[in-house]
Amino acid sequence: MTNPIFRKEDVLVEALPFIQQFEGKTFVIKYGGAIMTDENLKSMIAQDVTLLRKIGINIVIVHGGGKEITSLAEKLNIESKFVNGQRYTDESMRDIVQMVLAGLINKDIVRRINIHGGRAVGISGIDANLITVNNINKELGLVGEVTDVNSSFIKNLLNDGYLPVIAPIGINSDGVINNVNADLAAGPIAASINAEKLVYITDTDGVKVNNETISHLTESESKKLIEQKIISGGMIPKVESALAAIDAGVQKVHIINGNVEHALLLEIFTKEGVGTEIVNE
Ligand SMILES: Nc1ncnc2c1ncn2[C@@H]1O[C@H](COP(=O)(O)OP(=O)(O)OP(=O)(O)O)[C@@H](O)[C@H]1O
Ligand SMILES: [Mg+2]
């Protein structure tokens, strides 16, 4: 880590070329449920995304909610099970997922952003058929894989100056609501609107190998780490979705730690950046 910068004017000047570079571009931010515990941090993330929007970057948020889903399920005596980092979802779990994601969490994020004038609009993958899915992986139950994204709906909201906040649930061809892993939704959403960046905000500094954060990862290195099971659990869908998004034209994917204050601003506006970046080889 370099020495902290104390002069406010230096910080602003360092940010200028990045502001120029990203004005008018679109960032998709996956806001992990794992970091939605601290009130102060939640408000800071809302501030950070609002600031990015206000300097002319189009922001789309896709959020998770793993911890809160597990905690409501526990209260209702329903057990949480995971298969390769993804939640097994039967009908009662699906209802909990829908209540927590599209209800509680989505509106809390919207509320916090709008306190700062961020013009957030909360929608779920069901609204305007935003996320359509099919159920390929029966092992996971009612968990859908994204087959289509209504990108023009997102673009319309962005063009009108709104900041879409998306709860990751989707509708299948039978009209049944499915849970969608937020990481796996964020990738196709980013690809469908030609996002410049996809940023995963989670509860760890980035992809770690032997306890050290890897600052730069290519596609082949990522695949090797998944095979070796060094990347496991909740990191698998992030990296897999990142690789697919990059193949589909997203320039860069970042994985950063939301427990670090203003990590998002540090990543976007400083030369050093933070966390792990995944790029095309
Ligand atoms: N190689 C790795 N490097 C870093 N984290 C890893 C690695 N392998 C597995 N993980 C796990 O992935 C977790 C992050 O994914 P997790 O699904 O828990 O959070 P999230 O996606 O931010 O939240 P949510 O799923 O609620 O949206 C880390 O806390 C860590 O336990
Ligand atoms: Mg996760």
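Whatever order the structure lists ligands and atoms in, that order sets their numbers, starting from 1. Treat the numbers as computed from the prediction; the structure is a model and nothing was measured.
Listed by atom number, the atoms of ligand 1 under 4.0 Å from K30 heavy atoms are 20 (P), 21 (O), 22 (O), 23 (O), 24 (P), 27 (O). Within ligand 1, counting atoms from 1 as listed, the ones closer than 4.0 Å to a heavy atom of G65 are 26 (O), 27 (O). Ligand-side atoms of ligand 1 in range of G64: 27 (O), range being under 4.0 angstrom from any heavy atom. Those atoms of ligand 1 with a heavy atom of K208 less than 4.0 angstrom away are 1 (N), 2 (C), 3 (N), 4 (C). Ligand 1 places these atoms under 4.0 Å from at least one heavy atom of V207: 3 (N). Every atom of ligand 1 with a heavy atom of G206 under 4.0 Å away is listed here by number and element: 3 (N), 4 (C). Here is the list of ligand 1 atoms found below 4.0 Å of a heavy atom in G66: 26 (O).
Under a 4.0 Å N-O distance rule, the pair K42/E39 qualifies as a salt bridge. In this structure, E219 pairs ionically with K223, as a charged nitrogen and a carboxylate oxygen lie closer than 4.0 Å. Salt-bridge check for R7 with E14: failed, with every basic side-chain N at 4.0 Å or more from each acidic carboxylate O.
The closest protein non-hydrogen atom to atom 28 (C) of ligand 1 is D203 OD1, 3.5 Å. Residue, atom and distance of the protein heavy atom nearest to atom 30 (C) of ligand 1 are T204 CG2, 4.6 Å. At the top of the distance list for atom 6 (C) of ligand 1, counting protein heavy atoms only, stands M235 CB, 3.6 Å. The nearest protein atom to atom 16 (P) of ligand 1, hydrogens excluded, is given as G234 CA, 4.0 Å; this is a heavy-atom distance.
Using a distance-only test at 3.5 Å, with no hydrogens or angles considered, a donor-acceptor pair links the side chain of R119 to the main chain of D160. In this structure, the side chain of N150 engages the main chain of A128 through a donor-acceptor pair within 3.5 Å. A donor-acceptor pair under 3.5 Å links the side-chain atoms of D127 to the main chain of S124, judged by distance alone. Remark: side-chain polar atoms of D205 are not paired, donor with acceptor, to backbone N or O of G275 under 3.5 angstrom. Using modelled atom types, one side-chain atom of E221 and one backbone atom of T218 make a donor-acceptor pair closer than 3.5 Å. Remark: side-chain polar atoms of T202 are not paired, donor with acceptor, to backbone N or O of G32 under 3.5 angstrom.
Among the atoms of G33, some N or O lies under 3.5 angstrom from an N or O of ligand 1. Some N or O of T202 is nearer than 3.5 Å to an N or O of ligand 1, by distance alone. Polar contact with ligand 1: present for I230 (N/O pair, distance under 3.5 Å).
Contacts with ligand 1 closer than 4.0 Å are made by side-chain heavy atoms of K238 only, the backbone lying farther away.
Closest to atom 18 (O) of ligand 1 by heavy atom, among S232, A182, A34, is A34.
For F22 against K197, the heavy-atom pair with the smallest separation is CZ-CE, 3.4 Å.
Distance check on atom 1 (N) of ligand 1: some protein heavy atom falls below the 4.0 Å cut-off.
For the side-chain contact (heavy atoms from CB on, under 4.5 Å) test with V165, the passing option among V60, I109, V62, I29 is I109; the others fail.
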